[in-house]
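Residue numbers begin at 1 in each chain, while the letters A, B, ... track the order of the sequences. Reckoned from all heavy atoms, side chains included, excluding hydrogens, waters and symmetry mates. Note that the coordinates shown come from a computational prediction; the quantities given were computed from them, not determined experimentally.
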Amino acid sequence: MELDLFVRYGPDLLRGFGVTILCWIVGSVGGLLLGFAIACLYRWSIRPVRWIIDLYVELIRGTPFMIQLFILYYGGPYLGLVLTPVQAGILSFIVYGSPYFAEIFRSGFNAVPKGQIEAARCVGLSEARIMRRIILPQMLVPITAPLTNFIIILSKETAILSVVTVPELLYETQTMAAETFTYIEPFLVLSLFYWLMVIVTSWLGGRVEARVTRHLKRT
Amino acid sequence: MDFSFDVIAHNLPYLLAAARWTLLISVAGMAISIVLGVLLCAARLSSNLALASFARFYISFFRGVPLLVQLLMFFYMLPYVGLDLPAIAAAILATGMCSAAYTAEILRGALQAIPKGQAEAAEALGIPSLALWRRILVPQAIRLGLPSLVNELILLVKVSSLASVVGIAELTRVSQNITGETYRPLEIYVAAAGIYFVINFVLSRFGRMAEKRLQIG
Amino acid sequence: MNTKTPSAATEALISVRNMSKSFKDFEALRDITLDVNRSEVVCLIGPSGSGKSTLLRCLNFLEAYDTGEVRLEGELIGWQEGTAQPRRRVAAGTLRRQRQHIGMVFQQFNLWPHLTALENVAEALIQVKGLGKKAAQDAAMAALTKVHLSDKAQNHPANLSGGQQQRVAIARAIAMEPRVMLFDEPTSALDPELVGEVLTVMKEMAAEGMTMVVVTHEMGFAAHVADRVAFLDKGRLVTLAPPADIFGREPDDPRVRSFLQTYRERNVV
Amino acid sequence: MNTKTPSAATEALISVRNMSKSFKDFEALRDITLDVNRSEVVCLIGPSGSGKSTLLRCLNFLEAYDTGEVRLEGELIGWQEGTAQPRRRVAAGTLRRQRQHIGMVFQQFNLWPHLTALENVAEALIQVKGLGKKAAQDAAMAALTKVHLSDKAQNHPANLSGGQQQRVAIARAIAMEPRVMLFDEPTSALDPELVGEVLTVMKEMAAEGMTMVVVTHEMGFAAHVADRVAFLDKGRLVTLAPPADIFGREPDDPRVRSFLQTYRERNVV
Amino acid sequence: DLLADIKAKGKIVAATEMHYAPFDILKDGEYQGICHDLFTEVAKELGVEVEFLDLPWQSILPGLEAGKFDIVNAPVTITAERLSRYSFSLPIGNATVALAKKAGDSSIAKPEDIAGKAVGSQKGSAQLEQLKAFSATLATPADIREYVNIDEALADLAAGRIQGVANSMPLMGYAAVQRPGLFEMVMPPFGEPKYFGWVARPGDETASLVEAINAALLKMHEDGRLKAINEKWLGTSPELPTTMPDVK
Ligand SMILES: Nc1ncnc2c1ncn2[C@@H]1O[C@H](COP(=O)(O)OP(=O)(O)OP(=O)(O)O)[C@@H](O)[C@H]1O
Ligand SMILES: Nc1ncnc2c1ncn2[C@@H]1O[C@H](COP(=O)(O)OP(=O)(O)OP(=O)(O)O)[C@@H](O)[C@H]1O
Ligand SMILES: [Mg+2]
Ligand SMILES: [Mg+2]
């Protein structure tokens, strides 16, 4: 192990890590919101709209992110859509995550007993309010873990942004690897940084879970 | 832009041949993911402290370390401890074991939403915990978590592309290779995306069907 | 023995006409016709599975009835007026407005497990009635006090006994001060003492002009509170009469007779 | 009026000694001492929140009681014999063996929603009694027939009415032929007719030597079936006496008196 | 000793990343290219069979060190830093940097014309270093974009985001030949001469293998096979040194 490599490439790696975190957080939050919107739309719409949503979910979820990004970034200019790497990266990241999030939310909706929603309707709560006060807090019980899972997965999918030259972590470690012909050190850096992100995410997920399952713990 | 369907037509057989590896790794990986995921989830919730901490560590490790690194470890480091796996076995094991960590968490989340009374009813009848899991908890957890599980399986199909690092010519790898020769990435990638889409679409529709069938009431 | 004088109001508040409801092939309700007058208390009795809960749920369109009509103050509930088969549902907002005046207490309570007893009651007061948080909590606490639960206001449903949960469900409905109250076995999990108290609450509500439809298995309860008693069997409305006619003398219908028979035998304490 | 002769068996099957149970600071049960003899039927009555369900749940260790003892045929339930505080639980397998002979019907039924009524009943027969699939289904069907539900055997709980669900829960417990049956308000969701039928089933079970502890709000039921009636209030066992002493004349305890008072007033049909 | 082991087994295993035309090509499911042809000849000289593996770059060095294969027969630019960690064979190709532009782009006629224009190159490559050094000598430096793979740089050239791509001369030439309507090579190459070599584990264990390979290469220099193979793929044959080039 050559420690001076870390000194030499340290600033680049840290900058890459910063870009990774930026893309990850914006992408996750954006995907989460878009996914939630899609799931709500699905819940409240008529058949034909549902088919369109289904198609969207299947298409985006069913194809690799790398290829989507490639097509958007390198194919886009032919259709007059010229994006910078970071724009393309974040946009496609949000779109890519949304169907997964939407499916998780959809499963969450189904997990809340029908009777409780009926009770809410009976007292005249609006659908939006039922969503916010009755469904959301309870559906977080089963879906916090899958949401955490997917946000963790997204943290690693940021690596794919390197194909459109977003200077994120993998991009920087690959420079280090190519220039110096090392591999242990770059992998160590990658693992450590991703692990950091994963630890923080799981911790947060655990906190949310503890919060939303409070009422289930019988004293 | 000249989009050449000939390039796709010409290379499709090679892409399809590569997709067989993708399919093999995915299907075998899924089996491992689900079986191991259930066991891990049970261990994670077990009152046995050693088991529970092992499961926690496992999940933290396999979710924490990039799969790329895991695969390299499986293939290149295990030989140092005298365990030389064939490439395909390493690829299947690594993807399956990594995915199991995610599956376990999905199931754990779903289990929390099953009313406690159901387990109590089983306890009161003297139903052994194995049967409780097998017959009462797991089927319901799978039903509740099905969309998330399908998510995970689809991710597994796609992540099987990393198997190229142990030398398996799966779909993504072969499409990259063809691109390197034809200089026609858009065509080749669209074709590859199409194949992934077909595999995942089948998986996803299967999930929806199962969801309908398992729906109660 | 029912001691109340028959309600003076004659206009039907709820009017059900030839209403039917099937679950797949199973006909749960057949051709139900029933008027509930303002300030009247109608009790639904009948064997298990006879369709009592289903009827109640059709009244506020929790189950979409197949044919026939349900009207509240003349307004068709759930379906758009005058549409031919297949009928079209009214807009969500309209249904919400219609339901707002129909309170309901469920057989399975359907409390929201993540909210405390107080929050369960206060929720709709804030959101639907538009009360401020403080005012809603005070009103909720008043409703809980009515059902003797003020000391458990901060418990979550999982930490309440069955009877306590049922009382929270009652408090949740009455706090909204609806025009009609639908009760699905509101006393099933209550002890005799509380049944008496809930009964008192309901009597007061009736006196204040509340219209009520109550599914119950407690014949004494029906006899005491009801203006009329409806007997359902296999989805049909077999008898609809003042309780004196049903409990006071031998009922004409053999089905009703045998139903009450078993009850009488047991209740000789 | 209870017409049964007092049980001949004198050996206590269940013996509860100075048992207490708190939820955090809330003392749900205080110093309960109670013997249930073989083939005896003991009814627990008392106001809502008095601890009836909790007592029942302590008997099969669904709630771990804090202090005191619960014994079945002399064997301490749940805790290891002779361990000082803090006590140690028995092994899971031991607890399972202990529970196998204690059947329970829950206040909230706790059916398994993904299994049909038949499967709900058959499950434990297969898993615990080790019956083959066919034999288990036959036995389960027999139990469902006993509670008049054979026609709904293939329904999932969500498609059953409240009373039907309750009967499935009863069938599930009786199919196991336990030595003791614990019922938590087994008739709360039943109509009078079915209450009569379930009561008949329970009478038969009692006649066959089944020991039962029944939480109920139906005083008529208690009077008919119980050998002794226990009155709980605020976690204490206030009175334990044959039903004739409680229902037949004015009870000594003022609390019991006022409790029964409200009941009598209502049940004059 | 590795060479002895290989001879005993009668087989040498070589790994490369099979998308670096014209050196490594996977065409119609078959491995081809300069490195394929050269190494096949080398194996003949060694008197052993050869098995080729296709691995992504991330996996090549770990695999080499774990002994999953014996040598990396990919064209790797020989640099000082890399030499300090691994053993290299004698040069097998010319790695001097050259430029490709979009076909018909008249604003670029010679390398110097990239001044102020956007040019892509492969991250971490020796050619990138050369490009940077070259750009620094221009009046207005070029806007240099770094890509992980050269494929993507070419895709961006096609999409019009950049006006040029700089990479090793053979690669640029081959791209221009393959997509004549799309890419065009800009002559001449620029910067210091660079060479590709093959990579083996460092140390005594592999020394004899590297020597044997070098001997085979020298023999092919002499008997013209090296020239013939290069001409087959490139149309021309570059001058390749017969000693290890001096790299700083
Ligand atoms: N969703 C459903 N699907 C199919 N059948 C149903 C469904 N809901 C109710 N049923 C059936 O409709 C009939 C009427 O049910 P309902 O709940 O109205 O009975 P009930 O009179 O309230 O009985 P109980 O007194 O036991 O609560 C029952 O036989 C029941 O099995
Ligand atoms: N998990 C818990 N945490 C805190 N308090 C609890 C918990 N479970 C029960 N209690 C409280 O303990 C008391 C006794 O509850 P229990 O369920 O035994 O009453 P019960 O006699 O069965 O009443 P009911 O007739 O209404 O079912 C109640 O006041 C209840 O609020
Ligand atoms: Mg009902
Ligand atoms: Mg109780």
Novice: Please list, one pair per line, the donor and acceptor atoms closer than 3.5 Å that link side chains of residues 82-104 of chain B to other protein atoms, with sequence neighbours excluded.
Specialist:
from	atom 1	to	atom 2	distance (Å)
B:Asp84	OD1	E:Lys68	NZ	2.8
B:Thr95	OG1	B:Ala91	O	2.7
B:Thr95	OG1	B:Ile92	O	3.1
B:Ser99	OG	B:Ser33	OG	2.8
B:Ser99	OG	B:Glu152	OE2	2.8
B:Tyr102	OH	A:Lys156	NZ	3.2
B:Thr103	OG1	B:Ser33	OG	2.7
B:Thr103	OG1	B:Ser99	O	3.1

Novice: Which bit of B:Pro128 comes within less than 4.5 Å of chain D, counting heavy atoms only: side chain, backbone, both or neither?
Specialist: both
Novice: Just to verify, what does D:Arg89 make a salt bridge (Lys or Arg N to Asp or Glu O under 4.0 Å) with, not counting sequence neighbours?
Specialist: none
Novice: Compare all side-chain heavy atoms of D:Gln137 with those of D:Leu118 and state whether any distance is below 4.5 angstrom.
Specialist: yes
Novice: Kindly give the heavy-atom pair with the smallest separation between D:Ile77 and D:Gln98, and that separation in Å.
Specialist: CA-OE1, 3.6 Å
Novice: Show every side-chain hydrogen bond (donor to acceptor under 3.5 Å, both in side chains) that has at least one partner inside residues 53-67 of chain B, sequence neighbours left out.
Specialist: A:Asn149-B:Arg63
Novice: For B:Trp21, does the CH2 atom have more than 12 heavy-atom neighbours from other residues, nucleotides or ligands under 6.0 Å away?
Specialist: no
Novice: Sort out for me which of B:Leu125, B:Leu130, B:Ile114, B:Leu132 touches chain D most, counting heavy-atom pairs under 4.5 Å.
Specialist: B:Leu125
Novice: Checking an interface table here. Which of residues 122-134 of chain D come within a heavy-atom distance under 4.5 Å of chain B?
Specialist: D:Glu123, D:Ala124, D:Gln127, D:Val128
Novice: Can you give me the closest heavy-atom contact between D:Gly235 and D:Ile32, atom names plus distance?
Specialist: O-CD1, 3.5 Å
Novice: Identify which part of D:Arg97 has an atom lying under 4.5 Å from any heavy atom of chain B, answering side chain, backbone, both or neither.
Specialist: neither
Novice: What option among D:Arg96, D:Arg172, D:His101 has the most heavy-atom pairs under 4.5 Å with chain B?
Specialist: D:Arg96
Novice: Can you tell which part of D:Leu111 gets under 4.5 Å to a heavy atom of chain B, answering side chain, backbone, both or neither?
Specialist: backbone
Novice: Between D:Thr116 and D:Glu119, which heavy-atom pair has the shortest distance, and what is it?
Specialist: N-OE1, 2.9 Å
